[in-house]
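Data block below; observations after.
In what follows, chains are A, B, ... by sequence order, proteins preceding strands, each numbered from 1.
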Amino acid sequence: MTGTDWPLWEVFVRSRRGLSHTHAGSLHAPDARMALRNARDLYTRRSEGVSIWVVPSDAITASSPDEKDPFFEPAGDKAYRHPTFYEIPEGVRHL
Amino acid sequence: MTTTAPETVDRAALEAVFDAAVAADERIEPRDWMPDAYRTTLIRQIAQHAHSEIIGMQPEANWITRAPSLRRKAILMAKVQDEAGHGLYLYSAAETLGVGRDELLDKLHAGRQRYSSIFNYPTLTWADVGAIGWLVDGAAITNQVPLCRCSYGPYARAMIRVCKEESFHQRQGYELLLALSRGTEAQHAMAQDAVDRWWWPSLMMFGPPDGESPHSAQSMAWKIKRHSNDELRRRFVDICVPQAESLGLTLPDPDLRWNEETGHYDFGPIDWDEFNEVLRGNGPCNEQRLARRREAHEEGAWVREAAAAYAAKHAPAPGPGGGTPHPTPERGTAASGPTEHPEAMA
Amino acid sequence: MTPATTPTTRASAGPVPVPAALALGDDALVLAHRLGEWAGSAPVLEEEVALANIALDLLGQARTLLSLVGDEDELAYLREERAFRNVQLVERPNGDFAHTIARQLYFSAYQYLLYARLAEGDGPFAPLAAKAVKEVAYHLDHAEHWTLRLGDGTPESHERMRRALDALWRYTDELFRPVEGLDGVDPAALREAWTDRVGGTLRQATLELPTGPASDAWTAGGGRQGVHTEPFGRMLAEMQHLHRSHPGASW
């Protein structure tokens, strides 16, 4: 950012109670309060949310793509973490 | 965001990974490696798209103060507001490619990046607001729906949001024209005149014929673009003809007729000279649109500076980078609005 | 032209007093229109969205209020200038962004405090006020945030904001004159609360409440009696022209 460019913020919106905040996009704002206001106007003007987080984009540390393998592969072979791993006889409900 | 560039990795290997992802219809995400030309093409296209949204506010904003009923006034305000919102979604998609919004706006203001030529036509009557909704937004939707599956993730996601909101735009335009068409004689004439003026420019929105479209082939290969210009244009004509009939309005093309063999409508030749002239800057409103945009930007400079100065003075301890979200509302009443603050994370 | 004066009766509340409905409805309508003039010219894209949100809220309030006492479009489009009952403050031209924010601050603070009182009562405007006060709280928050940033931003923004506050100050007295049909609201108490709220914000913004004539001496302000400022006539001419050009047409 140079001069008077406003910094970039990442916006996370909780669309309904009971769900987690999901990344909705980004926007520019001079400070956190204005970022929240702008996020409310921009990303929830059709009542898409009940709660908003804004995070300065440069405060996010991300895994880098070339780490993809070591970072995520260990989880890749743990199919037993996923419900579809288990075979359930037909007709059994509420599982 | 910060990342360590994988300097040592072989470029050919990266390219292979990229190509495989595109071929498998996977999305490319911001921090994935991508060919420079892919990045450049995307920046150009997304920026042009974003610029079109914000320049596109002008012809319709031209009628907000004159909307003939309060219902129409509310609809039009909401629509023009959406366009600002769409511009924001798209600029934010472009920014994931490493280019700042201010840089893109500077290029727009300097005339170095384009916006859709359609907005260089004037809105002369109230019916033009309807014609823009029905035809211009209709053409835009035809172009944009395939972009929801574009290979670049942030662009595709922005387009999903845009398309969802855009369908209201087209409907309000159609409904507006329908009210005019079924209204008084003068209203009907106003609607017909608007359709006569907007029909051909709308067909031009799909771009030059396939044989003459400079960037098309590569964009199709990269799955930034999914259908050719002519294909989309034909699809649009096929959709519009019966819609015009239901409206009780005619389309200004004597050659327009159903072709049993092709299963599509044939239509007359498009005046590409006009298209090229408008593209070159000689349309009725090119200068006016850009001047108004520049003026708004320049006149807003002191406001943006003030907010930045205030933020710098009142930045919380951690310092630069915009500060951290403050966990407590600044003041009583009004701050207890619809936002909730981040839960403390252990 | 006079509105259709059969006051609508609402289930849980008494008859709607026409002068009050027109006063509140016209305030909202005229300010919505003025804010709508910003479309495409806001200082930053995010602010396009914010200003339009406020305008849309106000337009919604106007439609509800006018519909209580007549046909919204007849009232908006077929009354002459002298029949409008809005305060002069809301009809003042947008000016620069500082003027728009100063106008919003003065008006939103008034509207917020007024609606909060109406919402607590059991009068005919209570249901509308209960909904609108939430919207207006947000408008006030917006105006206060910008007042802080402009007042305590750069020397230029401070000076612009100060000039705007001064220029619009003389239109604030009218906010606290009694309105027929809003008898439950004590204008003096409203003024006191308003002065506290606005004064507090201005102090925080390194600004001061203007000291020019707004209360004792003669000031501008006869909007509630249908006496408006010159720019208002031109605003209405633009707003009404198309509707009036096609008498009886539907849109």
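In this structure, chain A has heavy atoms under 4.5 Å from both the backbone and the side chain of E165(B). Interface residue A24(A): backbone and side-chain heavy atoms are both found under 4.5 Å from chain B. Residue contact with chain B, scored on non-hydrogen atoms closer than 4.5 Å, involves the backbone and the side chain of Y43(A) alike. Using a 4.5 Å cut-off between heavy atoms, R161(B) touches chain A through its side chain atoms alone.
The closest side-chain donor-acceptor pair between T96(B) and Y155(B), if any, does not fall under 3.5 angstrom.
Remark: side-chain polar atoms of R294(B) are paired, donor with acceptor, to backbone N or O of H109(B) under 3.5 angstrom.
Separation of the Y91(B) and H49(B) ring centroids does not fall under the 6.0 Å cut-off.
Salt bridge status for D25(B) with R149(B): absent, with no side-chain N to carboxylate O gap under 4.0 Å. Looking at R46(A) and D82(B), a side-chain N of the basic residue comes within less than 4.0 Å of a carboxylate O on the acidic one, giving a salt bridge.
Between chain A and the residues R157(B), Q81(B), E103(B), E29(B), the most heavy-atom pairs under 4.5 angstrom are made by Q81(B).
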